[in-house]
Amino acid sequence: MDRSRVAVRKGGDLFYSRSLALAGQLGLPCLDNGEAVFWLEYGEQGLWLRKAGDRKGVLIDWLQGKMDYRIRQARSELLVKAFDVLPQGASVLDATAGFATDSVLLALAGFSVTACERSPVLHALQHDAWLRAQSDGAMAAVLENLHLRHADALAVMQSGTFDAIYLDPMFPARDKSAAVKKPMVYLQDLLGEGCDGSDLLVAALQSAKRRVVVKRPPKAPFLAGMQPSGQRHGKAIRFDIYSPPGSA
């Protein structure tokens, strides 16, 4: 991520001190106007990521929808089914957390999730969403299973082990059409090309004790050319499942 393209907007008297604190924490300029490609801005709903030319922006909100329904239905989700060998409370590392939507879903399913994100901007957005979600009793209980970590995923995997590791590398397609949801377009523009995830898969297979799950487009080649031991297929996505050496 090129920090020179990102700034914090002061946001007026109501959010001035919070904006200054955030800018200092992230090492970003704090401006009166959006004189950057991207800027972070506090509003009544929370911390927004905005982009030049788009007045609406992106806000992470984990309280959308009825929490009790999401909790009851979590284990029916295709992503969660890809982790079906794991017991409740198993440790899962989401090594490419992004907006942490999948991390929250795995926490809803009862796993102990570490959401790892190397981008300081995305980590700040996650943390703001986490703080706001504490206002909902059901969600606050779920988020006891979610641990946000600003770090490089390779270093995290090399320093410890997890029951399972989840990888969602940036999809190869860079399509900016209307079919691509705005949050993904923001991620692509903010983070750039990045790596293809091959190094992450190799490291994950060394760190995970029971399973590695990789999210892929339906027709995409296997990550690093490695054949998975199983798959879960959906209409718009697939999950490739790998069994680490020596796993049960």
Side-chain angles (χ1 to χ4, degrees), residues 1-64 93-104 107 113-136 139-140 142-144 146-156 168-171 174 176 180-195 200:
M1 185 192 75
D2 184 356
R3 286 175 180 253
S4 66
R5 302 167 68 229
V6 186
V8 176
R9 182 179 283 179
K10 291 180 180 178
D13 294 340
L14 185 60
F15 302 110
Y16 181 74
S17 60
R18 293 179 66 187
S19 300
L20 283 179
L22 180 65
Q25 175 188 338
L26 301 182
L28 297 174
C30 193
L31 307 175
D32 290 311
N33 298 307
E35 300 171 0
V37 178
F38 290 94
W39 62 91
L40 292 162
E41 181 179 8
Y42 283 108
E44 294 292 344
Q45 294 174 285
L47 182 63
W48 289 85
L49 176 63
R50 303 192 191 278
K51 180 184 173 185
D54 180 11
R55 298 178 63 183
K56 293 185 178 180
V58 171
L59 172 82
I60 300 179
D61 187 358
W62 298 329
L63 296 179
Q64 293 182 0
L93 171 67
D94 183 348
T96 50
F99 290 115
T101 304
D102 287 342
S103 297
V104 172
V113 181
T114 298
C116 181
E117 177 51 55
R118 64 178 179 173
S119 164
V121 171
L122 292 180
H123 179 72
L125 291 166
Q126 292 173 3
H127 182 65
D128 182 72
W130 189 91
L131 290 175
R132 285 183 282 108
Q134 300 301 313
S135 65
D136 183 280
M139 192 57 161
V142 168
L143 292 184
E144 292 182 2
L146 179 63
H147 315 284
L148 304 179
R149 185 165 180 181
H150 176 213
D152 180 83
L154 284 174
V156 172
D168 180 10
M170 196 78 73
F171 285 177
R174 308 292 293 179
K176 304 295 176 61
V180 180
K181 293 182 179 180
K182 180 188 289 188
M184 182 54 65
V185 174
Y186 266 59
L187 281 182
Q188 291 174 345
D189 288 348
L190 177 68
L191 301 181
E193 292 289 339
C195 65
L200 290 175

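Bear in mind that the values here come from a model prediction, so they are computed numbers and not experimental data.
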Heavy-atom side-chain contact between [X] and [Y] under 4.5 Å:
{"X": "D94", "Y": "C116", "answer": "no"}
{"X": "L143", "Y": "W130", "answer": "yes"}
{"X": "R132", "Y": "L59", "answer": "yes"}
{"X": "W39", "Y": "V6", "answer": "no"}
{"X": "L31", "Y": "V8", "answer": "no"}
{"X": "L187", "Y": "V185", "answer": "no"}
{"X": "D136", "Y": "W62", "answer": "no"}
{"X": "L49", "Y": "L190", "answer": "yes"}

How long is the straight-line distance from [atom2] of [Y] back to [atom1] of [X], given to the nearest 0.5 Å?
{"X": "D61", "Y": "F99", "atom1": "CG", "atom2": "CZ", "result": "13.0 Å"}
{"X": "R149", "Y": "Q126", "atom1": "CZ", "atom2": "CD", "result": "13.5 Å"}
{"X": "T114", "Y": "L146", "atom1": "OG1", "atom2": "CG", "result": "8.5 Å"}
{"X": "E117", "Y": "S103", "atom1": "CD", "atom2": "OG", "result": "9.5 Å"}
{"X": "S135", "Y": "L63", "atom1": "OG", "atom2": "CG", "result": "5.0 Å"}
{"X": "K10", "Y": "C30", "atom1": "NZ", "atom2": "SG", "result": "5.5 Å"}

Checklist entry - Stepwise, does the side chain to side chain contact (heavy atoms under 4.5 Å, CB included) test hold for L122 with L191? => result CA-CA 10 Å; L122 292 180; L191 301 181; 3.9 Å; yes
Item to check | Set of ring pair (Phe, Tyr, Trp, His ring centres under 6.0 Å) partners for H150, sequence neighbours left out | outcome: H123
Item to check | Step-by-step side chain to side chain contact (heavy atoms under 4.5 Å, CB included) determination, L14 to Y42 | outcome: CA-CA 9 Å; L14 185 60; Y42 283 108; over 6 Å; no
Item to check | Residue pairs fulfilling salt bridge (Lys or Arg N to Asp or Glu O under 4.0 Å) with at least one residue in residues 38-47, sequence neighbours excluded | outcome: R9-E41, E41-R50
Checklist outcome for this item: Residues at least two apart in sequence or cross-chain that pass salt bridge (Lys or Arg N to Asp or Glu O under 4.0 Å) with R18, listed by chain then number, are D128
Next on the checklist: Holding to salt bridge (Lys or Arg N to Asp or Glu O under 4.0 Å), I want the full list of residues that pass it with D54, two or more places apart in sequence or in another chain.
Outcome noted: K182
Atom of [X], atom of [Y] and distance for their closest heavy-atom approach:
{"X": "A107", "Y": "V113", "result": "N-CG2, 3.6 Å"}
{"X": "H147", "Y": "E144", "result": "CE1-O, 3.5 Å"}
{"X": "A124", "Y": "L22", "result": "CB-CD1, 4.0 Å"}

Checklist entry - Should I60 and L47 be marked as a side chain to side chain contact (heavy atoms under 4.5 Å, CB included) after you check the CA-CA gap, both sets of side-chain angles, and the distance that decides it? => result CA-CA 8 Å; I60 300 179; L47 182 63; over 6 Å; no
Next on the checklist: Other residues, nucleotides and ligands only: do more than 12 of their heavy atoms fall within 6.0 Å of CD on Q134?
Outcome noted: yes
Next on the checklist: So, using side-chain contact (heavy atoms from CB on, under 4.5 Å) as the criterion, who are the partners of A155 when residues are at least two apart?
Outcome noted: D152
Next on the checklist: Please enumerate all residues that pass side-chain contact (heavy atoms from CB on, under 4.5 Å) together with L131, with sequence neighbours excluded.
Outcome noted: H127
Next on the checklist: Using side chain to side chain contact (heavy atoms under 4.5 Å, CB included), reason through V104 and M139 one step at a time and then give a plain yes or no.
Outcome noted: CA-CA 10 Å; V104 172; M139 192 57 161; 3.4 Å; yes
